[in-house]
Chemist: 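One structure is given below, represented as structure tokens, and several questions about it will come after.
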Amino acid sequence: MRPRVTLKLATSLDGRIATASGESRWITGEPARQAGHRLRAVHDAVLVGIGTVLADDPELTVRLPGRPVDQPLRVVLDSRLRTPATARIAGPNTLILTAAEPSPVGGAEIERVEAPDGRPAPKAVLAALTRRGVDTLMIEGGGEVAAAFIAAGLVDALEWFRAPILLGGDGRACVAGLALARLSEAPVFRRLAVEPCGDDLWERYERL
């Protein structure tokens, strides 16, 4: 059995995760960010791509005031092993999956996985996580990673936080191109819940 995969998105109303220049902090408000930490706390692993690491230098830890939790495994997809040794994520409890020959990056564990197009294949990523006992995975970015897992049919659920702003077509999309020729090829999700989260909206979906 592969891990259950949740894609978490924090976007503008028009589905953008950053401005054209790359500015993204913060699109959603503090209540949405705290909800994001609670979601991290109930997943075995949290995953981002190298673009997110280089742009935002995320820590990817659970930070909930007054509530000690087991930290999820932090996973980075880094085709060419560009994660800086000084990155906040380059420490213990981090797994970097790459298409390159493994070499040390801070205190992180490095594993080379199948990468037929030069990028870690989603199925190979999930196989590596299964070997480590991961049952639940949350993907937090970026758009290329989201598109790869969606195209592979491996996203089971969406946790989507939408801020009441518009960033326009030159903003960075939350999901990169899927190369769909027909509407019938589009992945379909069922909405489970919608609720306010501060000034933002929190929508939850499952794959049909």
Side-chain angles (χ1 to χ4, degrees), residues 1-10 28 32-53 56-79 81 83 87-99 102 105-115 119-161 174-175 187 189 192-193 197 202-207:
M1 290 288 290
R2 67 167 177 84
R4 175 176 171 81
V5 177
T6 297
L7 174 61
K8 180 225 163 193
L9 301 167
T28 54
R33 295 197 293 275
Q34 284 299 306
H37 281 283
R38 292 193 295 273
L39 287 172
R40 285 180 185 171
V42 298
H43 286 81
D44 298 327
V46 179
L47 181 150
V48 296
I50 181 59
T52 298
V53 172
D56 299 337
D57 192 20
E59 194 171 0
L60 290 189
T61 54
V62 179
R63 299 182 295 279
L64 294 171
R67 179 180 163 185
V69 297
D70 292 330
Q71 294 293 333
L73 175 68
R74 304 179 296 180
V75 184
V76 179
L77 303 190
D78 184 357
S79 302
L81 215 53
T83 301
R88 292 195 293 173
I89 204 170
N93 196 40
T94 293
L95 172 65
I96 299 177
L97 299 175
T98 184
V105 178
E109 178 184 359
I110 315 296
E111 181 178 339
R112 191 176 190 175
V113 296
E114 180 184 354
R119 298 179 178 184
K123 287 185 178 179
V125 169
L126 296 187
L129 296 179
T130 297
R131 291 193 294 272
R132 287 165 174 78
V134 171
D135 292 322
T136 55
L137 169 67
M138 186 164 73
I139 297 172
E140 293 203 29
E144 295 287 346
V145 173
F149 277 81
I150 290 172
L154 296 174
V155 172
D156 303 299
L158 302 176
E159 300 282 354
W160 198 326
F161 298 89
C174 63
V175 178
F189 293 82
L192 299 178
C197 190
W202 182 2
E203 301 170 69
R204 313 184 79 175
Y205 297 85
E206 67 177 6
R207 179 74 183 264

Chemist: Keeping the roles fixed (side chain from H37, backbone from R63), state whether a donor-acceptor pair exists under 3.5 Å.
Modeler: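 Yes, H37 side chain to R63 backbone: donor-acceptor pair under 3.5 Å.
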Chemist: Which atom names give the shortest non-hydrogen contact between T28 and A32, and what distance separates them?
Modeler: CB-CB, 3.8 Å
Chemist: Check whether D78 reaches the backbone of T98 with its side chain - one donor and one acceptor, N or O, closer than 3.5 Å.
Modeler: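 No, because the side chain of D78 does not come within donor-acceptor range (under 3.5 Å) of the backbone of T98.
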Chemist: Using a 4.5 Å cut-off on heavy atoms from C-beta on, say whether the side chain of V42 contacts that of T136.
Modeler: no
Chemist: Hey, could you give me each pair passing side-chain hydrogen bond (donor to acceptor under 3.5 Å, both in side chains) that has a residue in residues 120-131? Not counting sequence neighbours.
Modeler: E111-R131
Chemist: Show the nearest heavy-atom pair for residues C197 and A35, with the distance to one decimal.
Modeler: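 For C197 and A35, the tightest heavy-atom pair comes out as SG-CB, 4.3 Å.
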Chemist: Any pair with a residue in residues 142-151 that passes side-chain hydrogen bond (donor to acceptor under 3.5 Å, both in side chains), sequence neighbours left out, goes on the list, sorted by first then second residue, please.
Modeler: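 Qualifying pairs: R119-E144.
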Chemist: Going through the distances and angles, do R2 and D156 end up as a side chain to side chain contact (heavy atoms under 4.5 Å, CB included)?
Modeler: CA-CA 11 Å; R2 67 167 177 84; D156 303 299; 2.8 Å; yes
Chemist: Less than 4.5 Å apart, any side-chain heavy atom of V53 and any of V48?
Modeler: yes
Chemist: Between the side chain of R132 and the main-chain N/O of A128, is any donor-acceptor distance below 3.5 Å?
Modeler: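 Yes, because the side chain of R132 sits within donor-acceptor range (under 3.5 Å) of the backbone of A128.
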Chemist: Could you tell me the separation between the CG atom of L129 and the CG atom of D44, rounded to the nearest 0.5 Å?
Modeler: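 So the gap between those two atoms works out to 9.5 Å.
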Chemist: What pair of heavy atoms forms the shortest contact from R4 to A157, and how long is it?
Modeler: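 Closest heavy-atom pair between R4 and A157: NH2-CB, 3.5 Å.
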Chemist: Within the structure provided, determine whether L137 and H43 are in side-chain contact (heavy-atom separation under 4.5 Å).
Modeler: no
Chemist: Is there a side chain to side chain contact (heavy atoms under 4.5 Å, CB included) between R40 and L60? Walk through the geometry before answering.
Modeler: CA-CA 8 Å; R40 285 180 185 171; L60 290 189; 3.5 Å; yes
Chemist: Run the side chain to side chain contact (heavy atoms under 4.5 Å, CB included) test on F189 and L7 for me, step by step, so that the C-alpha distance in whole Å, both residues' side-chain angles and the decisive distance to 0.1 Å come before the verdict.
Modeler: CA-CA 12 Å; F189 293 82; L7 174 61; over 6 Å; no
Chemist: Dump the intermediate steps for salt bridge (Lys or Arg N to Asp or Glu O under 4.0 Å) on K8 and E159, then the final yes or no.
Modeler: CA-CA 5 Å; K8 180 225 163 193; E159 300 282 354; over 6 Å; no
Chemist: Using 0.5 Å steps for rounding, measure from the CG atom of L39 to the CH2 atom of W202.
Modeler: 5.0 Å
Chemist: Given side chains that start at C-beta, do those of V46 and R74 come closer than 4.5 Å, heavy atoms only?
Modeler: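 With C-beta onward as the side chain, the pair stays apart.
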Chemist: Give a yes or no on this: more than 12 heavy atoms of other residues, nucleotides or ligands lie within 6.0 Å of atom CD of E114.
Modeler: no
Chemist: Verify side chain to side chain contact (heavy atoms under 4.5 Å, CB included) between I139 and V5, making sure each step is shown before the conclusion.
Modeler: CA-CA 7 Å; I139 297 172; V5 177; 3.6 Å; yes
Chemist: Kindly say whether L64 contributes a backbone atom to a donor-acceptor pair with the side chain of Q34 at under 3.5 angstrom?
Modeler: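 The answer is no, because no donor-acceptor pair under 3.5 Å joins these two groups.
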Chemist: Can you see which heavy atom on T52 is nearest to which on G142, and at what distance?
Modeler: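 Looks like OG1-N, 3.4 Å.
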Chemist: Mind listing the closest non-hydrogen atom pair of A115 and A99 along with its distance?
Modeler: CB-CB, 3.5 Å
Chemist: Between L97 and L47, is there a side-chain heavy-atom distance shorter than 4.5 Å?
Modeler: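 They are not in contact (no side-chain heavy atoms under 4.5 Å apart), so the answer is no.
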Chemist: Quick check: closest heavy atoms across P3 and L126, and the distance to 0.1 Å?
Modeler: CD-O, 3.8 Å
Chemist: Is any side-chain N of the basic residue among E59 and R88 closer than 4.0 Å to the acidic one's carboxylate O?
Modeler: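 The answer is yes: the pair qualifies as a salt bridge.
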Chemist: Does A87 offer a backbone N or O that forms a donor-acceptor pair with the side chain of D57 under 3.5 Å?
Modeler: no
Chemist: To the closest 0.5 Å, what do you measure between CZ (R207) and OG1 (T6)?
Modeler: 13.5 Å
Chemist: To the nearest 0.5 Å, what is the distance between OG1 on T61 and CG on N93?
Modeler: 10.0 Å
